[in-house]
Structures are given as C-alpha cells and as structure tokens.
2 protein chains.
Amino acid sequence: MINDFKHHVNRLRSSGLRPTKQRLTLCKVLFDRKETFHFTIDNLKKRIEKTTKSKISLATVYNTVHAFKNNGYLREISLQGNKTFFDTNSSSHHHFYDQDTGDLIDIKNEDIIVSKLPSAPKGKKIKQIEVTLSLANNNQNQKK
Amino acid sequence: MINDFKHHVNRLRSSGLRPTKQRLTLCKVLFDRKETFHFTIDNLKKRIEKTTKSKISLATVYNTVHAFKNNGYLREISLQGNKTFFDTNSSSHHHFYDQDTGDLIDIKNEDIIVSKLPSAPKGKKIKQIEVTLSLANNNQNQKK
DNA sequence: AAAATAATTTATAATCATTCTAAACTAGAA
DNA sequence: TTCTAGTTTAGAATGATTATAAATTATTTT
C-alpha cells in the first residue's frame with residue numbers, strides 16, 4: 001500500500017482534481033503514514049523539503065491543502081491563536097491544546113462523550129462537533 | 001451599577017492594572033451590558049468610535065484586550081479561520097460557529113453535557129473545556 | 001504640592017500568515 | 001500533435017498582529 005500511489009490518483013480523480021506531481025507528493029507526505037499528522041502550512045512546507053526532493057511553491061502548498069480540506073481529506077482544527085492547524089485524521093476526534101507549548105494532542109473519539117446537544121438553528125445543520133481541552137501547567141496561575 | 005465605574009477601578013487595581021482613561025472606557029464598552037459580547041479587535045475598535053467620544057489607538061486596544069484576557073476578564077474563543085474572537089462571557093459556555101457567515105452564537109452551558117473526559121497529561125491541568133459546533137446550510141454539500 | 005519613577009499610550013514600522021495576480025507550464029482531450 | 005482548461009509559480013498585495021521608542025500619565029516619594 002505504501003509506495004503504491006494508484007489509490008491517491010484515484011481519490012484525486014474522483015474529487016475532480018488532476019493528479020499532478022505536486023498533489024501526489026503532498027498525498028504521500030500527508031497520508032502514507034500510520035499516525036495522525038497535525039500541521040501548519042509552514043510545518044508541512046518544511047517537511048516536504050526535508051523528506052522529498054520535490055520543490056513545491058508556497059502558493060501550491062496553500063492551494064493544495066485547501067483543495068484537500070474542501071474535499072474532506074483534511075480537517076481544519078479550531079484553536080485559539082493566530083496559527084491555523086490541519087489534521088490528517090478526518091474521522092471525528094478531539095484535542096488537547098497546550099497553551100504553554102502550542103502542542104496539539106489527539107483525544108480518541110471514545111474518550112469524550114457529549115451526551116446532550118442543542119438543536120441547530122433553522123435551516124442549518126451541525127457539521128462538526130469539536131471539543132478542545134486547553135491545558136496549562138499545574139502550578140501556574142493565570143496571570144501573566 | 002451601570003454609570004458607576006468604581007467597580008471597574010477596583011477590579012483593575014486588584015489585577016495590578018492602573019485604571020487609566022482608556023482602560024475604563026474599554027471596561028464600560030465591554031462590561032456595562034446585559035448580553036454577552038463576541039468581538040474581534042476590529043469590531044471593538046469600531047464600537048468604541050461609535051459609542052464614545054474617546055479616541056483609543058489600535059495598539060492600546062490590542063494591549064488592553066490582552067491584559068483583560070490574561071486577567072480573566074475576557075476569553076479568547078477557539079475557532080477555525082484566521083479571525084481571533086473574544087467573548088465577554090467568561091463563565092463556561094460553548095458556541096455555534098456558522099461556517100457560511102462567520103457568525104458566533106452562544107450555547108448555554110447547560111445545553112451541552114460532556115459526560116466523559118480524558119485525564120490531563122502528567123503535570124498539566126485542564127483549564128478550559130470548549131465545544132464548538134460548526135454549522136452549514138442544510139442543503140449544501142461540502143465541496144467548493 | 002512638586003519632583004521623581006515607572007507604567008501606559010501612541011503613531012508608526014516591522015513581521016507574519018495568507019491571498020491575489022498574471023504569466024508559464026502541464027494534463028488530458030480532440 | 002495541437003488545443004484547452006486546469007495548475008503551478010514567483011512575487012506583489014493584503015490584513016492582522018506585534019515591536020519600537022518617544023511622549024504622556026498615574027502613582028510614589030520627597
């Protein structure tokens with residue numbers, strides 16, 4: 001399965017995206033792995049430079065990540081702060097967010113149970129339920 | 001209580017913040033109201049210009065909002081996208097986020113029940129539980 | 001109350017992430 | 001092979017936020 005990218009080609013085609021060299025490189029970097037990958041655009045750019053010989057322009061990384069997100073290959077994570085994080089785990093799950101370090105840690109879906117929800121406003125549908133648990137050091141008070 | 005700002009002065013003093021003209025103006029705009037106020041820095045700047053005669057520089061609005069946040073007067077809301085929202089409701093509650101319009105809607109704490117939580121990593125403490133329910137129009141599919 | 005001090009405010013510049021633009025390039029169709 | 005629309009690209013433009021350093025103000029000390 002790894003080192004075989006026909007399934008990437010097929011997925012791209014079925015989303016109406018041409019399987020270009022750049023998109024396939026991104027697919028390999030993002031999806032040919034066991035673990036969930038949390039990343040910012042900047043992270044991802046650096047990882048591409050480190051793990052492949054391909055040079056992909058910043059604009060293309062942005063374009064591709066957004067295309068992948070719009071087609072459900074990636075999720076954007078809701079977080080405080082100015083950084084936009086994405087997640088290769090598109091199944092439903094939640095996150096710890098460490099306010100001190102900026103780290104994100106996956107929480108398996110079954111480790112959080114939301115047992116009551118309000119109904120969506122008229123004409124709207126709930127598309128995603130995200131629980132973020134913000135962490136800070138035990139000893140530390142809130143003031144700066 | 002409204003039109004009396006001694007309590008604002010006291011609160012600022014007890015946080016080690018000098019009760020300056022600018023900070024008191026911000027306190028009045030933010031806290032002398034019944035309803036929760038969701039805002040971006042830009043929103044807030046415009047509201048100050050509209051509802052008061054004071055001119056407060058953009059840098060001061062940033063500084064003050066961050067000071068208020070660090071002292072627990074305001075919360076920053078976790079959201080997708082590049083805009084940073086703050087919330088005057090510092091008691092625990094949650095949000096609908098409308099992906100089409102960017103609107104934020106409060107959800108009362110009692111309308112969501114999180115009945116199971118993971119324990120925090122060693123040395124860390126859970127500081128905040130935030131549930132974000134993303135909304136989209138009923139009829140619309142995910143693709144762009 | 002005046003002088004000293006430390007915090008605060010301010011305009012502006014700098015930075016950073018992201019989007020836009022328009023030209024060059026490429027995949028797939030004819 | 002040629003054509004066409006989709007894609008990539010470098011660099012410019014934008015927008016939010018942070019940094020800087022001088023002027024101002026609140027509070028403390030005298």
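Below, chain A is the first sequence line, B the second, and so on; all start at residue 1. Everything numeric in this text was worked out from a predicted model, so none of it was measured.
With sequence neighbours left out, the side chain to side chain contact (heavy atoms under 4.5 Å, CB included) criterion links Gln128(B) to Gln80(A), Ser134(A), Arg75(B), Glu130(B). For His93(A), the ring pair (Phe, Tyr, Trp, His ring centres under 6.0 Å) partners at least two apart in sequence or on another chain are His95(A). Every residue meeting the ring pair (Phe, Tyr, Trp, His ring centres under 6.0 Å) condition with Tyr73(A), not counting sequence neighbours, appears here in chain and number order: Phe68(A). Here Phe96(A) pairs with nothing under the ring pair (Phe, Tyr, Trp, His ring centres under 6.0 Å) rule; sequence neighbours left out. Residues meeting the salt bridge (charged side-chain N to carboxylate O under 4.0 Å, His left out) test with Asp106(A), sequence neighbours left out: none. Legend: residues meeting side chain to side chain contact (heavy atoms under 4.5 Å, CB included) with Ile113(A), ordered by chain and number and at least two apart, are Ser115(A), Ser115(B), Lys116(B).
In this structure, Thr40(A) reaches neither bases nor backbone, as no heavy-atom distance under 4.0 Å exists between it and the strands shown.
Here the P atom of nucleotide dA17(C) and the CG atom of Leu44(A) are 14 Å apart, to the nearest Å. The separation between Asn43(A) atom CG and dC16(C) atom C1' is 15 Å, rounded to whole Å. Between the NZ atom of Lys83(B) and the P atom of dT19(C) there is a distance of 12 Å, rounded to whole Å.
Taking the nucleotide of DNA chain D with the nearest heavy atom to each of Thr84(B) and Thr20(A), the more 5' of the two is matched to Thr20(A). When each of Tyr62(B) and Pro19(B) is assigned the nucleotide of DNA chain D with its nearest heavy atom, Tyr62(B) is the one assigned upstream, toward the 5' end.
In this structure, Phe86(A) and His66(A) have perpendicular ring planes: the angle between them is above 60°, well past the 30° mark.
In this structure, Arg18(A) does not reach the dG28(C) phosphate: none of its side-chain N or O atoms is under 4.0 Å from OP1 or OP2. Dashed line: the shortest gap from a side-chain N or O of His66(A) to OP1 or OP2 of dT18(C) is not under 4.0 Å.
Here chain B contacts DNA chain D (any atom closer than 4.0 Å to a heavy atom, that is under 4.0 Å), and the contacts span dA16(D) to dT27(D) from 5' to 3'.
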Atom pairs, N/O to N/O, protein against nucleotides 10-12 of chain C, distance under 3.5 Å?
residue : atom : partner  : partner atom : Å
dT10(C) : OP1  : Gln22(B) : NE2          : 3.3
dT10(C) : OP2  : Ser57(B) : N            : 3.2
dT10(C) : OP2  : Thr60(B) : OG1          : 2.8

Distance-only donor-acceptor pairs under 3.5 Å for side chains of residues 20-28 of chain A, two or more places apart:
residue  : atom : partner  : partner atom : Å
Thr20(A) : OG1  : Arg23(A) : N            : 3.2
Arg23(A) : NH1  : Arg18(A) : O            : 3.0
Thr25(A) : OG1  : Lys21(A) : O            : 3.0

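Interatomic distance, Ile77(B) CD1 to Thr40(B) OG1, rounded to the nearest 0.5 Å: 11.0 Å.
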